[in-house]
Amino acid sequence: MKPSRFFEDVWDVVRLIPCGRVTTYGAIAKYLGVAKSSRMVGWAMNASHQQSQIPAHRVVNRNGLLTGKLHFNEKDSMERLLHAEGISVENDRVLQFDQHFWDPNIEIPIP
DNA sequence: ATTATGACAGGGC
DNA sequence: TGCCCTGCCATAA
């Protein structure tokens, strides 16, 4: 099954997330020009399993909550990966989220 | 073509 | 402060 351009765009943005940083579904959606399709970003992440090297663990909801941790192979892999990058996670939530937040609309060098 | 769904976001009670 | 409802758009069936 051939992925649509939308998914590829999402994956491309996710791949650009620097190590030790996180972003939100809404921020990615906004960057792609579909700010109201934040749900689709999550859907794209769900399809990211067929791809490789997609740091989906760096994508959380606007509250910094690891809503997608259950979609990982192992329930604690997401939290473990984030912690390995220097991001503190507690109770399925990213601590100092605004400090680790990476906004593609501002940080991305030019598409 | 139509209906249901989703790892969200925002506003209301 | 916290839970519930609605909007929104792309994909799958």
Side-chain angles (χ1 to χ4, degrees):
Chain A
M1 147 174 129
K2 181 181 179 184
S4 296
R5 180 63 190 141
F6 182 83
F7 280 19
E8 294 182 7
D9 285 340
V10 173
W11 295 330
D12 192 53
V13 175
V14 174
R15 268 190 286 256
L16 292 175
I17 302 174
C19 186
R21 297 293 207 90
V22 295
T23 191
T24 68
Y25 301 92
I28 295 173
K30 183 178 180 183
Y31 175 76
L32 297 179
V34 283
K36 293 155 191 172
S37 298
S38 52
R39 317 168 97 178
M40 283 299 90
V41 177
W43 192 256
M45 300 320 294
N46 188 22
S48 72
H49 289 283
Q50 67 188 272
Q51 297 294 313
S52 56
Q53 299 298 326
I54 303 289
H57 57 279
R58 295 180 189 150
V59 184
V60 297
N61 70 351
R62 66 185 180 89
N63 300 312
L65 190 67
L66 308 186
T67 51
K69 83 180 276 184
L70 296 175
H71 289 258
F72 282 72
N73 295 332
E74 297 187 14
K75 58 181 181 182
D76 61 332
S77 62
M78 187 172 188
E79 180 175 335
R80 184 156 41 77
L81 288 168
L82 288 172
H83 192 269
E85 297 181 356
I87 298 175
S88 301
V89 177
E90 186 172 309
N91 195 10
D92 297 347
R93 211 179 43 182
V94 176
L95 301 180
Q96 304 174 347
F97 175 65
D98 51 341
Q99 182 177 322
H100 293 294
F101 181 62
W102 179 86
D103 190 345
N105 300 284
I106 303 175
E107 307 281 355
I108 279 192
I110 301 166

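Note: hydrogens, waters and symmetry copies are ignored here, and every other heavy atom, side chains too, is used. Since the structure is predicted, the reported quantities are computational estimates derived from the model, not experimental observations. Lettering of chains follows the sequences in order, A, B, ..., and the numbering in each one begins at 1.
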Next item on the list: Take atom CG of A/Asn63 and atom P of C/dT1, then tell me their distance rounded to the nearest Å.
Entry: 14 Å
Check: Which residue pairs satisfy the side-chain hydrogen bond (donor to acceptor under 3.5 Å, both in side chains) criterion with at least one member in residues 81-95 of chain A, sequence neighbours excluded?
Finding: A/His57-A/Glu85, A/Arg58-A/Glu85, A/Lys69-A/Asp92
Note to self: Nearest whole Å is fine: how far is C/dA12 C1' from A/His49 NE2?
What the structure shows: 16 Å
Next item on the list: Drop me the distance from A/Ile17's CD1 to A/Thr23's OG1, to the nearest 0.5 angstrom.
Entry: 5.5 Å
Check: Contact class for A/Asn46 vs. all strands (heavy atom < 4.0 Å): base, sugar-phosphate, or nothing?
Finding: base
Notebook entry, point to check: Any idea which heavy atoms bring A/Ala44 and A/Phe7 closest together, and the distance?
Noted result: CB-CD1, 3.8 Å
Next item on the list: Report the distance from atom NE2 of A/His71 to atom C1' of B/dT5, rounded to the nearest whole Å.
Entry: 12 Å
Next item on the list: Could you pull out all residues at least two apart from A/Gln96 that satisfy side-chain contact (heavy atoms from CB on, under 4.5 Å)?
Entry: A/Gln99, A/His100
Check: Do you know which two heavy atoms are closest between A/Asn61 and A/Thr24, and how far apart they sit?
Finding: O-CG2, 3.8 Å
Checklist line | Annotated protein contacts, base or backbone, on nucleotides 5-10 of chain C with a non-hydrogen cut-off under 4.0 Å, one of B, S, - each | finding: --BBBB
Notebook entry, point to check: In whole angstrom, what separates A/Leu65's CG from C/dG2's C1'?
Noted result: 14 Å
Next item on the list: Let me know the distance between CD1 of A/Ile17 and P of B/dA7, rounded to the nearest Å.
Entry: 18 Å
Notebook entry, point to check: Just wondering, do A/Val41 and A/Val14 contact through their side chains at under 4.5 Å, heavy atoms?
Noted result: no
Next item on the list: Determine the contact category for A/Ala56: base if any of its heavy atoms lies under 4.0 Å from a base atom, sugar-phosphate if only primed atoms, P, OP1 or OP2 are that close, otherwise nothing.
Entry: base
